[in-house]
Amino acid sequence: MASKSFTTAEELQKSPRTMKKTRKSKIEKSENFVGFLFVSPMLLGISVIVLFPIVATFILAFADWKFVTGIDQLQWVGFDNFVALASDEKFIKSVINNAIFILTVPITMMCALFLAVIIDKNVYLKSYFKVAFFMPYISSVVAIAVVWQVLFHPSQGPINQVLMTFGIENPPTWISDPNFALISLMIIHIWISIGFSLIVYIAGLQSIPKELYEAADIDGANSWYKFRNITFPLISPTSFFLLITGIIASFKVFDLIAVLTKGGPLNSTTMLVWHLYERAFLELDVGYASAIAVVLFLFVFSITIIQWIGQKKWVNY
């Protein structure tokens, strides 16, 4: 009986703790439920607009289906769409053009870093130059494309007029020339992208402790030594961020092509996104377009993973 009364007393002693934990657990569950209600519209939107199309794309990549026909006309073809891509000359040309277009990323980063170093240290009215370089990035791509279309006009464009004043009798026709059309798009893309990279680099430069430069000055270090051993290593995380986002953006170029070239002349500016658009919305071949989308995803994912692994050798956190 003594043992039984002791156990009962122990249980009575623990009951307030148990009740407190139970009350706390109910409050946490209530808060979690309320929080889920708040985020549920966003989760629903993401599921319908993003996740469902992604899953549908991976499924339709193994099917032959026209957009205007009913779902009952869908036919499973396995890997036939991917096999067809290997012999699709336009697809191969798109991959080559995308690979060349990636060169805009390092060029943009180098130009932006050069301008950021100058503006951050040796220029008055820094805010004005930040806004001036950033304006193309936030401006309408369609409007920018129309402006550059005028600048690249073969006979009356200002660019060719300047070249002819320097004695070049037959300047390039730029967008109309298959040999220069892709270069023209790359120039425009670099001009648009410099502003964003510039702002990010300036933010990275301003986060570097000034004491490091003062110590280097005391040791008699020159400007190149300080840039190579202080500036560049400490902004390497910023460079890594711009490298990843820049390469992903280079695979998404669509507006410039749609306004200026529509993939021409002679498919010299067609890229994966444009080829996907043509097959999906002009030829209504959803299955084949989905296969292109899957390949595009694999390209971007693989490049990102390679960059993430390689950054351990040159990025300093």
Side-chain angles (χ1 to χ4, degrees), residues 98-141 143-144 147-148 183 185-253 255-256 297 299-317:
N98 262 121
I100 297 174
F101 202 84
I102 290 178
L103 294 176
T104 59
V105 179
I107 296 174
T108 300
M109 291 174 59
M110 288 188 291
C111 294
L113 179 58
F114 175 75
L115 292 172
V117 171
I118 295 177
I119 293 174
D120 186 52
K121 293 185 177 181
N122 304 316
V123 173
Y124 294 100
L125 300 175
K126 295 180 181 179
S127 299
Y128 166 76
F129 285 100
K130 291 179 184 177
V131 174
F133 281 105
F134 193 66
M135 281 300 294
Y137 183 78
I138 61 176
S139 300
S140 170
V141 177
I144 292 173
V147 171
W148 278 92
I183 296 175
L185 294 185
M186 293 172 68
I187 293 173
I188 300 172
H189 184 75
I190 291 171
W191 184 78
I192 293 173
S193 304
I194 280 180
F196 174 76
S197 300
L198 173 68
I199 296 298
V200 176
Y201 267 132
I202 289 178
L205 291 172
Q206 292 177 348
S207 66
I208 299 176
K210 302 300 180 184
E211 294 81 3
L212 297 177
Y213 293 108
E214 294 173 357
D217 290 332
I218 294 175
D219 292 337
N222 56 27
S223 299
W224 170 247
Y225 181 88
K226 289 187 289 185
F227 175 81
R228 183 167 57 90
N229 294 280
I230 299 176
T231 304
F232 187 76
L234 293 182
I235 62 169
S236 57
T238 304
S239 299
F240 178 60
F241 166 76
L242 291 174
L243 184 63
I244 287 184
T245 56
I247 290 180
I248 293 175
S250 69
F251 277 96
K252 299 193 300 181
V253 174
D255 300 4
L256 291 176
F297 167 79
F299 280 157
V300 175
F301 182 77
S302 301
I303 293 174
T304 304
I305 292 299
I306 292 172
Q307 289 177 315
W308 193 263
I309 295 174
Q311 58 95 17
K312 299 177 181 179
K313 298 182 178 180
W314 63 278
V315 178
N316 302 286
Y317 292 103

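Not measured: the values here are computed from a predicted model.
S197 places no side-chain N or O within 3.5 Å of a backbone atom of I194 that could act as its donor or acceptor partner.
For the pair N98/F299, no side-chain contact is recorded, criterion being any heavy-atom separation below 4.5 Å from C-beta on. No side-chain heavy atom of I138 sits less than 4.5 Å from a side-chain heavy atom of F196.
The ring pair (Phe, Tyr, Trp, His ring centres under 6.0 Å) pairs that include a residue from residues 228-249 are F240-W308, where partners are two or more places apart or lie in different chains. Every pair tested for salt bridge (charged side-chain N to carboxylate O under 4.0 Å, His left out) that includes a residue from residues 301-317 fails, sequence neighbours excluded, so the list is empty. Applying the salt bridge (charged side-chain N to carboxylate O under 4.0 Å, His left out) test to every pair with at least one member in residues 206-216, sequence neighbours left out, gives no pairs at all. Among residue pairs with one or both ends in residues 237-253, those qualifying as side chain to side chain donor-acceptor pair (under 3.5 Å) are Y201-S239; sequence neighbours excluded. Sorted by first and then second residue, the salt bridge (charged side-chain N to carboxylate O under 4.0 Å, His left out) pairs involving residues 112-133 (not counting sequence neighbours) form an empty list.
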Please set out all donor-acceptor pairs under 3.5 angstrom arising from side-chain atoms of residues 215-227, sequence neighbours excluded.
from	atom 1	to	atom 2	distance (Å)
D217	OD1	K226	NZ	2.8
N222	OD1	W224	N	3.4
N222	OD1	Y225	N	2.7

Side-chain donor-acceptor contacts of residues 103-117 below 3.5 Å, not counting sequence neighbours, with atom names and distances?
from	atom 1	to	atom 2	distance (Å)
T104	OG1	F101	O	2.7
T108	OG1	T104	O	2.6

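Here P233 pairs with N316 under the side chain to side chain contact (heavy atoms under 4.5 Å, CB included) rule; sequence neighbours left out. Under the side chain to side chain contact (heavy atoms under 4.5 Å, CB included) criterion, S140 pairs with V142, A143, sequence neighbours left out. Not counting sequence neighbours, the partners of I309 by the side chain to side chain contact (heavy atoms under 4.5 Å, CB included) test are I305. In this structure, the side chain to side chain contact (heavy atoms under 4.5 Å, CB included) partners of V141, at least two apart in sequence or on a different chain, are D255, L256. Every residue two or more places apart in sequence or in another chain that forms a side-chain hydrogen bond (donor to acceptor under 3.5 Å, both in side chains) with Y213 is listed here: T231.
Note that CD1 of I208 is 6.0 Å distant from CD1 of I235, once rounded to the nearest 0.5 Å. For the atom pair CZ (F129) and CD1 (I118), the distance works out to 10.5 Å, reported to the nearest 0.5 Å. Here the CD1 atom belonging to I188 is positioned 12.5 Å from the CD1 atom belonging to I183, to the nearest 0.5 angstrom.
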Derivation and outcome, side-chain contact (heavy atoms from CB on, under 4.5 Å), residues Q311 and I244: CA-CA 11 Å; Q311 58 95 17; I244 287 184; over 6 Å; no

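The aromatic rings of F134 and Y137 lie tilted to each other, with the angle between the two planes from 30° to 60°.
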